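Just so it is clear, the model here is predicted, and its values are computed rather than measured. In what follows, every chain begins at residue 1, and chains take the letters A, B, ... in the order their sequences are listed.
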Amino acid sequence: MTTPNITIDKEIDARGSHCPGPMMELIRGIKSVPVGSVVAVLSSDPGSAKDIPIWVQKAGHEFIGAFPEQGYTRFIVRKTR
Amino acid sequence: MTVKQIVVLGGGVGGTLVANLLAGQLTRKQAQITLIDRTGKHVYQPGWLYVPFGGAPPERWERNERSLLRRSVDLLIGDAVKVDPHERFVEMADGTQLPFDYLIISTGARIDPDAVPGYREGAHHFYTAEAALRLHAALREFTGGKVVIGVADIPYKCPPAPLEFTFMLEDELRKRGLREKTEITYLSPIGRVFTIESVAEFVTPMLEERGINYELFFNTESIDPVERTVSSLEGTTLPYDLLVLVPPHRGAKLIIDSGLGDVQGWLPTDRETLQHKQFPYIYGLGDATDLPVSKSGAAAHFEAKVIAHRIAGEIKGKPSDERYHGQVMCFLETGRGQATQLVFDYTHPPQPPKPSAYYHYEKALLNRAYWHLVPTGIV
């Protein structure tokens with residue numbers, strides 16, 4: 001699957017981040033951009049596939065998708081509030 | 001050959017070590033090394049965790065920066081206010097300009113209590129000497145009630161610290177006979193109690209055994225100091241009698257004012273070469289960077305070695321492609337006189353040993369031996 005044709009405003013390379021980890025890097029990224037921005041986080045942590053969509057839903061943002069690449073996944077989220 | 005000017009901004013763990021390593025690898029004819037520090041005082045911040053529980057006073061964790069630097073490193077005590085990355089100079093508050101060939105930004109993280117509404121009035125913390133002493137006083141007066149512990153914002157220094165504080169507080173209240181009168185709630189911003197899954201797996205039952213509540217997906221949005229409640233952006237509101245939240249952190253104002261960082265002031269840094277993403281002769285070191293590693297003295301320690309090799313190699317005409325691979329080593333206190341150890345890098349996740357007294361004593365030993373081992377580059 002390829003990344004959709006969407007403009008990413010901020011991309012965070014959190015591959016190999018064990019602490020604080022991709023989930024925290026995503027939260028940090030979301031906090032640092034204006035509402036409406038699209039944030040991508042690259043994660044090699046298998047747990048992200050479960051954690052990230054749950055948090056995005058709880059926090060009320062829009063989960064655009066998880067796009068597998070070679071050895072990692074790109075998670076794309078739109079900040080909506 | 002002209003003498004290269006190397007300027008280091010900030011005399012914390014990383015700045016002090018990188019200056020000393022460069023001074024050891026280069027002669028005075030090759031480089032003049034100047035370290036600029038706002039206070040001239042070096043602080044071993046991990047010591048603050050123990051202050052609220054009546055541990056050694058904050059002065060015990062401070063030394064004169066000059067006493068930790070090699071003689072060939074010039075120390076300039078003062079406020080650096082701006083960096084001109086194109087003309088390559090650092091401007092001081094008094095207008096003095098210091099030119100540089102290489103700049104290392106190790107300005108650490110700044111505590112910004114006003115970044116979260118109600119934080120300044122409502123929350124305690126142990127991320128400055130003064131706040132740790134205030135929390136010590138508050139704990140002495142505490143007679144029971146609801147204690148809520150967590151973080152006010154992301155990112156923050158030393159990810160295990162709030163969990164360590166929780167376990168240590170539980171111990172303390174038990175010893176003082178107040179445990180039965182106290183409800184402790186630990187807040188985690190993510191979907192488990194600690195970011196590293198293997199740690200979360202053994203820490204979760206420890207919290208449960210000790211009767212400590214935990215609330216997952218709690219990212220603090222605001223505090224109401226009058227009603228004594230703390231609310232998350234996920235929509236949960238909790239009452240408290242004593243609120244201990246790691247304060248919001250931001251990068252140095254100088255990084256923001258110089259247009260070198262992101263909106264929160266973190267320096268965009270290459271995760272392996274540690275060079276600024278736009279200016280390769282500027283390096284980011286330690287907490288000041290936007291790297292996806294723990295903001296910790298340990299990360300700064302490993303990074304300083306890479307930066308020193310790269311710069312010294314280049315000046316000596318033998319460029320080094322030494323890279324940082326995300327190495328971090330730290331301890332996690334689990335209370336009851338025990339701790340575990342976390343060692344990891346970008347490609348090796350931590351495999352923490354079972355908590356034991358051994359790691360607790362090893363941490364205590366490092367806290368004492370730090371001054372002799374770390375700034376000098378012995379380890």
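- For chain B, the nearby part of D45(A) is the side chain; its heavy atoms alone come within less than 4.5 Å.
- With a 4.5 Å cut-off on non-hydrogen atoms, D345(B) touches chain A through its backbone but not through its side chain.
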- Message: What verdict does the side-chain contact (heavy atoms from CB on, under 4.5 Å) test give for L245(B) and Y119(B), after you've listed the backbone C-alpha separation in whole Å, the side-chain angles of each residue and the deciding distance to 0.1 Å?
- Response: CA-CA 8 Å; L245(B) 290 186; Y119(B) 183 88; 3.7 Å; yes
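- For K10(A), the part lying near chain B is the side chain, with the backbone staying farther off; criterion is any non-hydrogen pair under 4.5 Å.
- In terms of non-hydrogen atom pairs under 4.5 Å with chain A, the most contact-rich of L233(B), V199(B), V263(B) is L233(B).
- Atom NZ of K58(A) has 12 or fewer heavy atoms from other residues, nucleotides or ligands within 6.0 Å.
- Of the candidates T269(B), V13(B), L274(B), L274(B) is the only one forming a side-chain contact (heavy atoms from CB on, under 4.5 Å) with E303(B).
- Contact of R15(A) with chain B is made through backbone and side chain together, with heavy-atom distances under 4.5 Å.
- If you measure heavy-atom distances from L291(B) to chain A, the contacts under 4.5 Å come from the backbone alone.
- Remark: aromatic rings of H325(B) and F302(B) are distant, center separation not under 6.0 Å.
- Taking 4.0 Å as the cut-off between side-chain N and carboxylate O, R120(B) and D114(B) count as a salt-bridged pair.
- Counting heavy-atom pairs closer than 4.5 Å to chain B, the top-ranked of the candidates P20(A), A14(A), G21(A), G47(A) is P20(A).
- Among the candidates E234(B), Q264(B), R192(B), the residue making the largest number of heavy-atom pairs closer than 4.5 Å to chain A is E234(B).
- Residue Q57(A) qualifies as open at atom CD: its count of foreign heavy atoms under 6.0 Å is 12 or below.
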